[in-house]
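Order of the sequence lines sets the chain letters (A, B, ...), proteins ahead of strands, with each chain counted from 1.
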2 protein chains.
Amino acid sequence: MTYLRPAVGAPTASPPGKTLMSDKLQSLGISVYHEIRQDILMARLPPSQKLGLKFLSERYNCGASPIREALNQLTVEGWVVRIDKRGFFVADASPEDFADILHNRCFIEGEALRRSIALGGAAWEEEVLLTHFRMSNLDRREGDPSSADVAAWETAHRNFHKALISACGSRLMLENCARLYDLNIRYRVLARRKSHTSRRVSDEHDEIKTLTLRRDADGAVDALVRHYLATGDFLFPKD
Amino acid sequence: MTYLRPAVGAPTASPPGKTLMSDKLQSLGISVYHEIRQDILMARLPPSQKLGLKFLSERYNCGASPIREALNQLTVEGWVVRIDKRGFFVADASPEDFADILHNRCFIEGEALRRSIALGGAAWEEEVLLTHFRMSNLDRREGDPSSADVAAWETAHRNFHKALISACGSRLMLENCARLYDLNIRYRVLARRKSHTSRRVSDEHDEIKTLTLRRDADGAVDALVRHYLATGDFLFPKD
DNA sequence: GGTCGCAACTTTATCGACAATTTCAGGATT
DNA sequence: AATCCTGAAATTGTCGATAAAGTTGCGACC
């Protein structure tokens, strides 16, 4: 019996020749974890969806053990809710939850940016400049973007925001921000709106970048918070 | 075969008569999770300790599956580090890590307290008053406290700090604070100092309570932060 | 004498099977 | 007609066994 299985979405044909013994083959549980996480993030698994072990075993093509492993991790991270002896469910989504995420982002990421501006050195400045430039290039393309373009922009956008706060000096803060960022993506997908194409988001990013590199902490944090709040209003106008 | 096992630390004798079908019997994985977590918190499992499956299976008297389940959750929470295909280890501890926890506590819990003071109603005020009173009573006992006393004080202390911020209105903030609180306990235990008996901690708690109930947000937050920083200095004087 | 490589041992990751519990549907009773 | 049992089906939680790594120790070779 073998634990190997075809990579996700890849053709069943194996790569030529060597099996490459320990070459980066992560355990099954971890890769399934990433798959499920992505599916929840992208709302392919909608909120409150029942996550039966059998259903998931078939969907992700593996045994129940790796599935349980993945679900456990997702439970702690808040993507999945577990009801003892009754199974797993995709976490609910609500406007209140979204608002909570939004305000926590403003609060924590604002402080992280402030500290980065205070502590960041030349390498940090260059990283901010670079990631912003890369994102801007993708921004320029108009028309109907392919899904590959969207994915590329998503990555560039994440890298930019990550770069902004990367010099804050606190591991816990960075982890927190990363988690909040992902939680937020889910709501962006659920609202089925692409904020980056419909608003003048690139102007907002420009402003954040400029004020940050100018070491204007108050201005940069203010711009960042306004950027987030504007996105929030755009996604859920009523609130 | 049965999955039941004697409760932790309890005599092997089973309760008289009925097996009480679904009465609150949580799954094995979850109870083992709490046990391991407590052992790490209390440093009975020291930092960097290798957590072999066999070792844990015997220590907690169950199969490997519940152990893996528990370890996975602990990994996400940061208590345990997992190295792929190489096993699990108790997370390292370092002065830098402690400082990070400390500063994040000051920052987040300070804000949470501020919001509680702004939003809290009569029920919140009563809760703060009550939990403080209960802790104060335990504070008075001098001499050599039994371990039961210490545990009771620990609980009362947690409840007081929890009550302070309970009206902040943000689930994420409360979760964050709870996590940071626990992370901090570990360092208190590692430093093998009981801050509550060696300093005038009760005075600091009094001050926090009084300023909070007076709705003096700036003063209360300042007192809280000073309280944390003082504890930090006490535990790791050099930093 | 030190380093490299092979082989036995140890440990992790996974699977399939089994037990305990929940859920659901159908029928009897009030 | 609505409610409450009852039993079957489905699902979760757990275990022991197995495969595929990693680790260690010993001997050969430079």
Side-chain angles (χ1 to χ4, degrees), chain A residues 1-8 14-15 18-36 45 48-76 80-90, chain B residues 1-8 14-15 18-36 45 48-76 80-90:
Chain A
M1 178 199 315
T2 179
Y3 298 147
L4 299 176
R5 59 161 190 172
V8 198
S14 46
K18 328 169 42 175
T19 338
L20 285 180
M21 190 164 60
S22 74
D23 215 34
K24 280 282 186 176
L25 178 59
Q26 60 186 348
S27 43
L28 202 36
I30 294 187
S31 66
V32 169
Y33 158 78
H34 286 293
E35 289 177 52
I36 300 181
L45 290 171
S48 304
Q49 164 90 254
K50 171 74 191 288
L51 296 175
L53 291 181
K54 192 177 179 187
F55 166 67
L56 294 173
S57 282
E58 286 165 13
R59 176 173 174 133
Y60 298 103
N61 193 36
C62 70
S65 306
I67 297 284
R68 283 190 70 82
E69 189 156 323
L71 288 176
N72 276 316
Q73 296 185 228
L74 291 164
T75 298
V76 178
V80 166
V81 173
R82 174 183 193 173
I83 304 178
D84 209 54
K85 300 268 186 183
R86 211 162 304 179
F88 299 85
F89 304 80
V90 176
Chain B
M1 179 196 317
T2 177
Y3 297 148
L4 299 176
R5 60 162 188 166
V8 198
S14 46
K18 325 170 45 174
T19 340
L20 283 180
M21 190 162 64
S22 74
D23 214 35
K24 280 281 185 176
L25 179 60
Q26 60 187 345
S27 45
L28 203 36
I30 293 187
S31 67
V32 169
Y33 157 78
H34 286 295
E35 289 177 51
I36 300 181
L45 291 171
S48 304
Q49 165 87 255
K50 172 74 192 288
L51 296 175
L53 291 181
K54 193 177 177 187
F55 166 67
L56 294 174
S57 282
E58 287 165 12
R59 176 171 172 133
Y60 298 103
N61 191 36
C62 70
S65 306
I67 297 285
R68 284 190 68 81
E69 188 155 325
L71 288 176
N72 276 315
Q73 295 184 229
L74 291 164
T75 298
V76 178
V80 166
V81 174
R82 174 183 193 172
I83 304 178
D84 209 52
K85 299 269 187 187
R86 211 162 304 180
F88 298 85
F89 304 81
V90 176

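- Note that CG of Leu28(B) and CD of Glu69(B) are 9.0 Å apart. Values are rounded to the nearest 0.5 Å.
- Rounded to whole Å, atom P of dT14(D) lies 17 Å from atom CD1 of Ile67(A).
- The interatomic distance linking Asp84(A) (CG) with dT14(D) (C1') rounds to 13 Å, in whole Å.
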Run the side-chain donor-acceptor check on residues 49-58 of chain A: report pairs under 3.5 Å with partners two or more places apart or on a different chain.
from     : atom 1 : to       : atom 2 : distance (Å)
Ser57(A) : OG     : Leu53(A) : O      : 3.0
Ser57(A) : OG     : Cys62(A) : O      : 3.4

Between protein and nucleic acid, restricted to nucleotides 6-8 of chain C and to nitrogen or oxygen atoms under 3.5 Å apart, what atom pairs and distances do you find?
none

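- If you take NZ of Lys85(B) and C1' of dA20(D), they are 6 Å apart, rounded to a whole angstrom.
- Here the side chain of Arg86(A) is nearest to one of dC15(C), dT14(D), dT22(C), namely dT22(C).
- Per the geometry, CD belonging to Glu69(A) stands 15 Å off P belonging to dT14(D), to the nearest Å.
- In terms of the side chain to side chain contact (heavy atoms under 4.5 Å, CB included) criterion, residue partners of Thr75(B) (sequence neighbours excluded) are, by chain and number, Val80(B), Arg82(B), Phe88(B).
- Of the candidate nucleotides dC15(D), dT11(D), dT12(C), dC15(D) has the atom lying nearest to any side-chain atom of Pro66(B).
- Of all nucleotides listed (dT14(C), dT11(C), dT12(D)), dT14(C) comes nearest to the side chain of Arg68(B).
- Listed by chain and number, the residues in a side-chain hydrogen bond (donor to acceptor under 3.5 Å, both in side chains) with Arg59(B) are Asp39(B) (sequence neighbours excluded).
- Note: Leu74(A) CG to His34(A) NE2 = 10.0 Å, rounded to the nearest 0.5 Å.
- Using a 4.0 Å cut-off, some side-chain N or O of Lys50(B) falls inside it from OP1 or OP2 of dT12(C).
- From Ile36(B), atom CD1 reaches atom CG of Leu71(B) across 5.0 Å, with rounding to the nearest 0.5 Å.
- In this structure, Ile30(A) places its CD1 atom 14 Å from C1' of dA21(D), rounding to the nearest Å.
- For the pair Lys54(B) NZ and dC9(C) P, the computed distance is 14 Å after rounding to whole Å.
- Phosphate proximity of dG13(D) to Arg82(A): present, with a side-chain N or O under 4.0 Å from OP1 or OP2.
- Annotation: of the two residues near DNA chain C, Leu51(B) and Ser65(A), the 5′-most nearest-nucleotide partner is Leu51(B).
- With dC15(C), dT12(C), dT14(C) as the candidates, the nucleotide lying closest to the side chain of Leu53(B) is dT12(C).
- Note that CZ of Arg68(B) and CG of Asn72(A) are 10.5 Å apart. Values are rounded to the nearest 0.5 Å.
- Summarising the geometry, the separation between CG on Leu28(A) and C1' on dG16(C) is reported as 15 Å, rounded to the nearest angstrom.
- In this entry the distance linking CD1 of Ile83(B) with C1' of dG22(D) reads 12 Å, nearest Å.
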